Amino acid sequence: MNRLFLFSIIVLLSTGLKQEVNGQFLSLQLNIEPELRTTIEQELNFGVIATNAGRVDVALGDLNMGIFRIRAYRTQNIYLSLDHPDVLVNEEESVDDEIPLELYIAYSYSNEEDYLGAIEIPNNQTYLPITENLSARFRSSSVDNWKELLLYLYGNLTVNNIAAGQYSGYATLIIDYD
C-alpha cells in the first residue's frame, strides 16, 4: 500500500516599509513506500484427515508448513504474536466435537527459505529487531535499506473419534512495528 501525501506550501515575502506582499504557491506530491510488507509465501496445510487418525504433525521444515515473508526497514523493531484457538470446532452447529490444536512459529533472518537455522519463538510472541548485516555492508559500497525476515508456522492436531465434517478456527499473526 503506497501512501500519498500532498503538501501545500505558501511562501509570503515581504519588503520592509512598502508592505508589498509577494506570494508563491507550490504543490508537491510524494509517493512513500510502506514501512513494512508481509506476504504469505505458503499457507499451513494439515490436509484431509480421517477420523481416529491420532496426532497429525506439520513439523518445522515439512512441505505443508506455513511461510510468511516480512520486508522491513533495516532499523525497525518488530513485535510479533500469534493468536490461535486451542481447538478447531465443527462448522455444523449441532456437532459439539473439537480437534485440539497446537501452533508454533519460528523465524530466520535469511533471505532464503532456511528453516534449519530458524529460531522458535517462545509463547508465540516476541520482539525482533531488524538488523543490518555488517559483513554485507563492508563488501558493498551500497547499503540495502530493506531487510527480510522469514516466519515459519507449524504445529499439530489430534483427531480422535469425532463426527465427519469441516473443522475450523482462525489464527491471527499480529505484527506491530516501530
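Predicted model only: the values in this text are computed from it and were never measured.
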Among I70, L128, L149, exactly one meets side-chain contact (heavy atoms from CB on, under 4.5 Å) together with I175. Which residue is that?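 Result for side-chain contact (heavy atoms from CB on, under 4.5 Å) with I175: I70.
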Looking at [atom1] of [X] and [atom2] of [Y], how far apart are the two atoms once the value is rounded to the nearest 0.5 Å?
X: I105; Y: L44; atom1: CD1; atom2: CG; value: 12.0 Å
X: L173; Y: L153; atom1: CG; atom2: CG; value: 8.0 Å
X: Y170; Y: L88; atom1: OH; atom2: CG; value: 11.5 Å
X: I119; Y: T126; atom1: CD1; atom2: OG1; value: 9.5 Å
X: I162; Y: I99; atom1: CD1; atom2: CD1; value: 3.5 Å
X: N45; Y: D62; atom1: CG; atom2: CG; value: 11.0 Å

Which ILVMFWY residues can you reach from [X] by hopping between side chains whose heavy atoms are under 4.5 Å apart?
X: V89; value: V87
X: V48; value: none
X: L63; value: none

With salt bridge (charged side-chain N to carboxylate O under 4.0 Å, His left out) as the rule and sequence neighbours excluded, what pairs involving residues 45-58 come up?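 Non-adjacent pairs meeting salt bridge (charged side-chain N to carboxylate O under 4.0 Å, His left out): R55-D57.
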Test: salt bridge (charged side-chain N to carboxylate O under 4.0 Å, His left out). Region: residues 93-109. Which pairs qualify, not counting sequence neighbours?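 Every pair satisfying salt bridge (charged side-chain N to carboxylate O under 4.0 Å, His left out) with a residue in residues 93-109: there are none.
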Check ion pair R69-E41 (N to O, under 4.0 angstrom):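 Answer for the salt bridge query: yes.
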Going by side chain to side chain donor-acceptor pair (under 3.5 Å), name the residues that satisfy it together with N90, two or more places apart in sequence or in a different chain.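 Only Y167 meet the side chain to side chain donor-acceptor pair (under 3.5 Å) criterion with N90.
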Quick one: side chain to side chain donor-acceptor pair (under 3.5 Å) partners of E91, sequence neighbours excluded?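 Applying side chain to side chain donor-acceptor pair (under 3.5 Å) to E91 gives S168.
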Test your reading of the model: is there a side-chain donor-acceptor pair from Q76 to the backbone of P129, 3.5 Å cut-off?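 Answer holds: no.
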Sort and list the pairs that fulfil ring pair (Phe, Tyr, Trp, His ring centres under 6.0 Å) and have at least one residue in residues 40-93, not counting sequence neighbours.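 For residues 40-93, and leaving out neighbouring residues, the ring pair (Phe, Tyr, Trp, His ring centres under 6.0 Å) pairs sorted by first residue read Y73-W146, Y79-Y127.
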Check: I78 and L36 side chains under 4.5 Å, non-hydrogen atoms: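 They are in side-chain contact.
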Within the structure provided, determine whether V56 and N156 are in side-chain contact (heavy-atom separation under 4.5 Å).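 No; the side chains remain at least 4.5 Å from each other.
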Checking L80 against L151 for the side chain to side chain contact (heavy atoms under 4.5 Å, CB included) test, could you report, in this order, the C-alpha distance in whole Å, the side-chain angles of both residues, the deciding distance, and whether it holds? CA-CA 10 Å; L80 295 172; L151 294 178; 3.6 Å; yes
Please name all residues satisfying side-chain contact (heavy atoms from CB on, under 4.5 Å) with D86, sequence neighbours left out, ordered by chain then number.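 None.
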Set of side-chain contact (heavy atoms from CB on, under 4.5 Å) partners for I174, sequence neighbours left out: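 Here the qualifying residues are S81, T172, D176.
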To check you understand the geometry: which heavy-atom pair defines the closest contact between L101 and P85, and what is its length?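 Heavy-atom minimum between the residues: CD2-O, 3.7 Å.
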Over all heavy atoms of both residues, which pair between L103 and A171 is shortest? Give the atoms and the distance, please.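 Scanning both residues, the minimum pair turns out to be CD1-CB, 4.0 Å.
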Worked check of ring-ring contact (aromatic ring centres under 6.0 Å, His included) between Y152 and Y154: CA-CA 7 Å; Y152 306 101; Y154 55 101; 8.3 Å; no
For I121 and Y107: C-alpha separation, side-chain torsions, deciding distance, then whether side chain to side chain contact (heavy atoms under 4.5 Å, CB included) applies. CA-CA 7 Å; I121 297 174; Y107 70 94; 3.6 Å; yes
Take atom CD in E92; do more than 12 heavy atoms of anything else shown fall under 6.0 Å from it?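 Open: at most 12 neighbouring heavy atoms sit under 6.0 Å from CD of E92.
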